[in-house]
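Below is one structure, written out as structure tokens, with a few remarks after it.
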Amino acid sequence: MENKSPSGDTITLLGTAGARFMVTTQLTASGGLWLNLNGTEILIDPGPGSIVQSTKRKLRAEKLSAIILSHRHLDHSADVNIMVEAMTQGGFNRHGWLFAPADALESEPIIFSYLKDYLEGIEILKEGKAYSVGNISFTTPIRHIHPVETYGMLFRAAGHTFAYIADSRYFDGLCHSYGSELLIINVVLLEAKPHIDHLSVPDAEHIITELKPKVAILTHFGMNMWRARPWETAQRLSQQTGVRVVAGRDGMRFDLSELDDY
Ligand SMILES: [Zn+2]
């Protein structure tokens with residue numbers, strides 16, 4: 001397609017680790033998702049190592065238009081300060097937006113106050129609201145069930161729709177909210193654990209079966225999920241659901257034009 005940006009419309013996984021043990025051991029990386037769509041670049045959930053993973057992959061923070069946090073937990077927010085510093089070139093190039101739920105910014109803010117001045121502004125994520133940044137628009141359709149205020153996102157860009165289902169306990173609202181061509185799902189748990197507010201493989205299977213995306217990418221793996229080999233889980237889910245399910249891997253770059261093959 002001639003009107004595509006030279007680098008294409010891509011989503012890069014800067015890490016696939018989820019929850020504390022995978023993240024503190026860095027068995028896999030934990031840098032978040034980097035979107036480059038319609039020429040607009042956005043970083044989502046810059047966990048520990050986001051600055052390392054992004055620079056290593058020659059992604060340039062000064063080109064970011066925004067950083068979005070699904071929630072304040074460390075594996076989603078640890079590098080937000082350094083990424084704001086990098087996005088704004090230490091405040092010499094003031095620009096860009098930070099999006100986060102209110103409780104990430106209130107009594108114990110995830111961002112240092114002096115860095116806030118480097119930004120064009122901060123937008124509070126709320127249930128059912130729509131936002132736009134450059135050529136990307138997104139909504140936060142529903143508040144997730146998680147120990148802190150958490151939202152996933154439904155994006156519309158580059159002629160495609162895709163959803164990022166961030167951390168949550170399973171509830172039917174997820175299936176009602178994230179219908180799209182591509183699902184990126186944070187699947188921390190191999191088996192459901194009733195006292196932990198995270199999605200499991202059976203939850204992911206149910207969501208994929210209900211929403212029938214063209215492609216689903218699993219990421220944010222907890223330790224047991226990792227030990228069970230996510231690529232084998234993905235293969236099994238592909239057979240069970242009839243949807244192409246892919247296990248995320250560090251540095252994986254998904255080109256949205258792949259969605260045109262279906
Ligand atoms: Zn969390």
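Remember, it's 1-based here, ligands and their atoms both numbered in the order they're listed.
- Side chains of His220 and Asp75: a donor on one and an acceptor on the other come within 3.5 Å.
- At a cut-off of 2.8 Å, Asp167 coordinates the Zn ion (ligand 1) through an N, O or S atom.
- A salt bridge between Arg72 and Glu108 is present, with a side-chain N of the basic residue lying under 4.0 Å from a carboxylate O of the acidic one.
- Under the 3.5 Å distance criterion, with hydrogens and angles disregarded, no donor-acceptor pair is assigned to the side chains of Asn93 and Tyr118.
- Taking backbone and side-chain atoms together, His73 has an N/O/S atom less than 2.8 Å away from the Zn ion (ligand 1).
- A side-chain donor from one of Thr12 and Arg253 sits under 3.5 Å from a side-chain acceptor of the other.
- At least one N, O or S atom of His146 sits under 2.8 Å from the Zn ion (ligand 1).
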